[in-house]
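Heads up: the structure comes next, in structure tokens.
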Amino acid sequence: MADDNTDESQKTEDPSQKKLDDAREKGQVAKSQEVSHWFMLLAFASMIGVFGASLTQGLGDQMVRFLENPHAIRIDRESLGGLVSEVLMGVGTLVILPALVAIAAAVTSSFLQIGWLVSAESLKPSLEKISLQKGLKRLFSVKSLAEFAKGIAKLTLVGVIIVMMMSPRREMIPQITSMEVSQLLLLLQEIAVHILIGVLSIMAVIAGADFLFQKFQHTKQLMMSKQEIKDEFKQTEGDPIVKGRLRQLRAERARRRMMAAVPEADVVVTNPTHYAVALKYDAETMEAPILTAKGADEVALRIREMAKKHDVPVMENPPLARALYGGVELDEQIPPQHYTAVAEVIGYVMRLRGKMPKVRGT
């Protein structure tokens with residue numbers, strides 16, 4: 001493979017699907033934290049809007065005993081332990097559903113961005129994760145500083161939105177002291193939902209832009225040089241030189257097997273010089289003659305020489321030789337349209353040898 005330190009200016013090619021898949025297996029995917037924050041904020045707004053009144057009422061009921069009758073609370077070990085357990089159980093019952101909503105929001109945001117992904121690569125121990133030098137480098141990197149600046153800008157923008165939405169309600173502040181607790185809770189719930197809707201709107205724009213930016217950055221980090229593309233192709237498809245050599249070796253082995261079958265043939269049909277095909281027929285075991293060898297030019301010459309060396313009859317029949325060479329593969333039976341012509345050839349040879357077979361289908 002090409003050196004990992006390849007000059008960034010040479011990485012002009014989009015990442016291949018293999019590189020994207022390899023990065024995904026390592027947990028390297030384009031994921032925006034702003035999208036996750038937006039979903040969590042949406043879950044929080046939903047909890048305030050749907051569960052706000054019941055949640056605050058339930059928490060109020062849990063706390064009222066401490067405010068109305070604090071003198072009646074026994075603080076010995078046994079009583080205090082039971083009271084704490086009771087309060088925790090009550091509060092836990094109230095917050096379990098909102099907590100499940102928050103968990104669902106976190107899982108949904110991750111699934112929508114990267115799909116289902118479980119990578120053990122990120123869990124493997126690495127010295128880089130505990131290296132002080134690497135940690136400082138990451139902390140003060142350009143990316144970290146850019147993220148810090150983005151966070152400050154986001155908080156500033158959200159703060160401005162909150163101030164703008166709260167400004168029309170300034171005159172209500174003096175009235176808060178005269179409100180009943182239930183009225184105050186409803187007002188706070190209304191204000192919170194109103195503010196969260198505004199914040200969600202602006203955060204949706206920020207999250208969308210950040211997601212596109214993270215996709216762009218992820219693709220940019222995985223860009224490849226032309227040499228890396230070639231090296232990857234060699235790894236996945238094989239080196240063309242090696243593949244060519246393997247094809248040559250396979251062809252040579254097939255040719256040797258084919259030439260070894262010529263001495264066992266019953267007849268060789270020729271063009272007479274350009275093509276040669278060897279045929280074998282056993283009336284007891286074969287439905288039709290089988291082509292055991294074929295070749296053109298130099299290979300045809302070698303087949304003729306091999307046939308003469310082993311006393312295999314060689315017959316000239318240019319039309320039949322061309323048809324069999326182009327239409328029948330090695331070790332295949334002769335197709336029906338050639339039965340008659342082949343039967344005549346084999347019949348003639350067998351008569352010369354004193355044995356006349358009957359070719360089926362003729």
Side-chain angles (χ1 to χ4, degrees), residues 1 16-18 21 227 229-362:
M1 290 295 291
S16 65
Q17 187 60 46
K18 180 180 183 301
D21 293 340
Q227 185 60 45
I229 294 287
K230 293 179 181 178
D231 292 343
E232 184 183 273
F233 178 79
K234 289 180 181 180
Q235 281 192 335
T236 56
E237 301 295 333
D239 191 325
I241 298 177
V242 175
K243 290 179 67 177
R245 179 57 179 164
L246 290 175
R247 283 195 300 268
Q248 182 180 357
L249 291 174
R250 286 193 292 267
E252 184 61 31
R253 285 196 294 267
R255 189 177 298 115
R256 286 198 296 267
R257 289 194 301 269
M258 182 180 69
M259 297 305 295
V262 173
E264 304 298 325
D266 292 314
V267 64
V268 171
V269 183
T270 67
N271 191 31
T273 57
H274 293 298
Y275 300 105
V277 294
L279 303 174
K280 182 175 181 60
Y281 180 61
D282 185 346
E284 296 181 358
T285 60
M286 300 178 184
E287 294 184 358
I290 293 177
L291 188 149
T292 58
K294 69 176 184 176
D297 299 328
E298 183 180 348
V299 178
L301 175 60
R302 292 176 59 188
I303 290 175
R304 293 196 302 272
E305 292 175 348
M306 182 69 70
K308 292 177 181 179
K309 181 178 178 181
H310 292 86
D311 297 323
V312 177
V314 179
M315 296 187 62
E316 293 185 12
N317 189 329
L320 181 59
R322 287 194 299 268
L324 295 178
Y325 178 84
V328 184
E329 297 299 325
L330 289 175
D331 299 323
E332 283 188 356
Q333 291 185 350
I334 302 303
Q337 62 266 29
H338 299 306
Y339 279 173
T340 301
V342 172
E344 292 176 357
V345 171
I346 292 183
Y348 175 75
V349 171
M350 292 303 178
R351 281 194 296 271
L352 291 178
R353 295 180 174 180
K355 182 180 180 181
M356 176 61 188
K358 181 180 179 182
V359 178
R360 300 183 185 181
T362 60

Would you say the side chain of [Y] lies within less than 4.5 Å of the side chain of [X], judging by non-hydrogen atoms?
X	Y	answer
Met259	Ile303	yes
Ile290	Ile334	no
His338	Leu324	yes
Thr292	Leu279	no

* **Option from Gln333, Met286, Glu287 for which side-chain contact (heavy atoms from CB on, under 4.5 Å) with Tyr281 holds** =>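 Running side-chain contact (heavy atoms from CB on, under 4.5 Å) over Gln333, Met286, Glu287 with Tyr281 returns exactly one hit, Met286.
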* Roughly how far, to the nearest 0.5 Å, is the CD atom of Glu252 from the CZ atom of Arg255? -> 5.0 Å
* Asked: Taking atom CG of Leu291 and atom CG of Asp331, what is their separation to the nearest 0.5 Å?
  -> 8.0 Å
May I have the list of side-chain donor-acceptor pairs in residues 307-317 shorter than 3.5 Å, sequence neighbours left out?
unit_1	atom_1	unit_2	atom_2	d
His310	ND1	Met306	O	3.1
Asn317	OD1	Leu320	N	3.3

* To do: Examine distances only and state if a side-chain atom of Arg304 and a backbone atom of Thr273 form a donor-acceptor pair shorter than 3.5 Å.
  => yes
I'd like a table of donor-acceptor pairs (distance under 3.5 Å, sequence neighbours excluded) in which one partner is a side-chain atom from residues 293-301, with atom names and distances.
unit_1	atom_1	unit_2	atom_2	d
Lys294	NZ	Tyr325	O	2.9
Lys294	NZ	Val328	O	2.9
Asp297	OD1	His274	ND1	3.4

* Asked: How close do Val342 and Pro289 get, heavy atom to heavy atom, and via which atoms?
  ->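 Where Val342 meets Pro289 most closely, the heavy atoms are CG1-CG, 3.7 Å.
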* **Arg302 with Glu305: basic N within carboxylate O range, under 4.0 Å** =>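 Glu305 and Arg302: not salt-bridged.
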